[in-house]
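Reviewing the structure listed below.
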Amino acid sequence: MTATAPSGESLWSRCGGCAALLYRKRLRRNLDVCPECGLHTRLAAPERVSQLVDPGSFRPLPDRAVEVDPIGFVDVLPYPHRLAAARADTGLAEAVLCGTATIGGSRCALAVMDFRFLGGSLGCAVGELITRTAEQALELDIALVLVTASGGARMQEGALSLMQMATVSQAMAALREVGLLTVSVLTDPTYGGVAASFATSADLVLAESGTRMGFAGPRVIRQVTGRTLPEGFQTAEFLLRHGQIDMVVPRHALRARLATLLAATRRRATNRPGATAPLPEAARPMPASRTPARDAWETVRLARHPGRPTTLDYLETTFDGFTELHGDRLGGDCPAVVGGVARLDGRHLMVIGHQKGHTTAELAARNFGMATPAGHRKALRLMRLAARLGLPVVTLVDTPGADPGVEAEEHGQAAAIAENILTLSVLPTPVVTVVTGEGGSGGALALAVADRVLMLQHAVYSVISPEGCAAILWPGRTAAPQAARALRLTAPDLCRLGVVDEVVPEPDGSAADDPEATARAVRQALLANLLPLLDVPTVTLVQRRRRRFRRFGAARAGARAGAR
Ligand SMILES: [Zn+2]
């Protein structure tokens, strides 16, 4: 609702959320977010573009919108009349505004939908324009950013509208094939055919605060199911919790967040798959720390110490500029696995790790670092994304094991772990793993099939927990210390077995006593191991990784004798 000055100029508007009467200029200065209640009002596409891109950088795509009324559709009004009215109301030729621009200095192709134009519906012209924008991204070797706002496919163009879901998708697939980033920014509302195609098939899916997104709208779902919908159904927070999106971003932070993500994934010649840098010497394995080995059981207790730095601690200290990405896109966001883009000594990479916590409450909230199938699938999504974009992967392993619950089994825990192991074994980008605490069984290996596997001095890495082993092979659980010794699970032991390449020394006492020094040691070890891998052609890298894991098939007496 608007209040109009005698001149006809609208000076005030009433907030649709809290009914506050707002001075129009003040609202505009606040990016059309109500300063009273935070309601994000819907934006026209030109407004959205000016909020998102670097000033003066937007270059519209040549406006060659196709004129269509392919099925001669008439309801109470002929379709061409509705089109003409929408054009007059919005000043736009169609429900999307397309072009190229820079965001934080990174060039991208950009398509912004406008809900005012026939509900942002996806018809032939909209599909064509978004497809051309994607093709422009391909031609210019730049990322594609889509801002969606749509009720779905445009009924007035019949099945040809439905086909636009496939038309745009195949253009996005072409970007995926060559490793160009696609980002969608969901805005309120995004439904139907747009939600079920390019809005959610992008590499990264951000939702503006206040967005609702879904395949079917709430009214339809209520009609079909006869059920009352839960509070917050299909809201951005709901989508985040259910693993559908990477993050919820308030409007005032969108430009900066996009700038960070575009910069992190900008094409770099050295990172491109198939780069043919000269083959360097294979990285030399470094000798294990000279510090005298502790008793294995004592090491197990140090590895589990709640004071040890967690993955999020390392992301704060060892790395810079971490932007967390969430969700497996299949229904869950596991809190026991965190991942996202970050920098190490100025280089962009993907970091994925198990997250425990320091307090009982933190540990419980993070499921004690035990990943669910959703956690493994989130990690898988991020690994694959990193490979496509030419980002190296660093994984930090600290888990008692994968989640052993009923629900985990129902959702295919075994297959989720298996898929990660297989995918990592041939992932076409450098992978370095650090076992920072507990390397528990298959749950650990699901993040640890790497070119270089490093291990903190007092970390452990084992096929089963000492307690579990004792319970099966000894008369009782009290034999855990004996089992710990027998399992050869300490860093020096695993170095001798060739499972681990390098031991990262811990400060006096242990990592828990000096997290800063530990962070520095991890950083140094990561750089020493990662940098030589960056110049290795991807094909060679994968061949070497496969050989690395092939040789464990031949572990025989030699290794066993060495371990004794
Ligand atoms: Zn308000």
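In listed order, ligands and their atoms are each counted from 1. Along the sequence shown, the residues carry numbers beginning at 1. On a predicted model such as this, the values are computed, not experimentally measured, just so you know.
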So, the side chain of Glu157 versus the backbone of Cys124: is there a donor-acceptor pair under 3.5 Å, distance only?
-> yes
Could you tell me whether Arg381 and Asp328 make a salt bridge, using a distance below 4.0 angstrom between a side-chain N and a carboxylate O?
-> no
Does anything in residues 204-250 pair up under ring-ring contact (aromatic ring centres under 6.0 Å, His included), and if so which pairs, sequence neighbours excluded?
-> Phe233-Phe238, Phe238-His242
Taking everything shown except Glu316 itself, do over 12 heavy atoms lie less than 6.0 Å from its CD?
-> no
Side-chain donor-acceptor pairs of residues 39-46 under 3.5 Å, sequence neighbours excluded:
residue	atom	partner	partner atom	Å
His40	ND1	Gly38	O	2.9
His40	NE2	Arg251	N	3.0
Thr41	OG1	Asp32	O	2.7

Qualifying residues under side chain to side chain donor-acceptor pair (under 3.5 Å), relative to Arg308, sequence neighbours excluded = Glu506
Counting only protein atoms, how many N/O/S atoms are less than 2.8 Å away from the Zn ion (ligand 1)?
-> 4
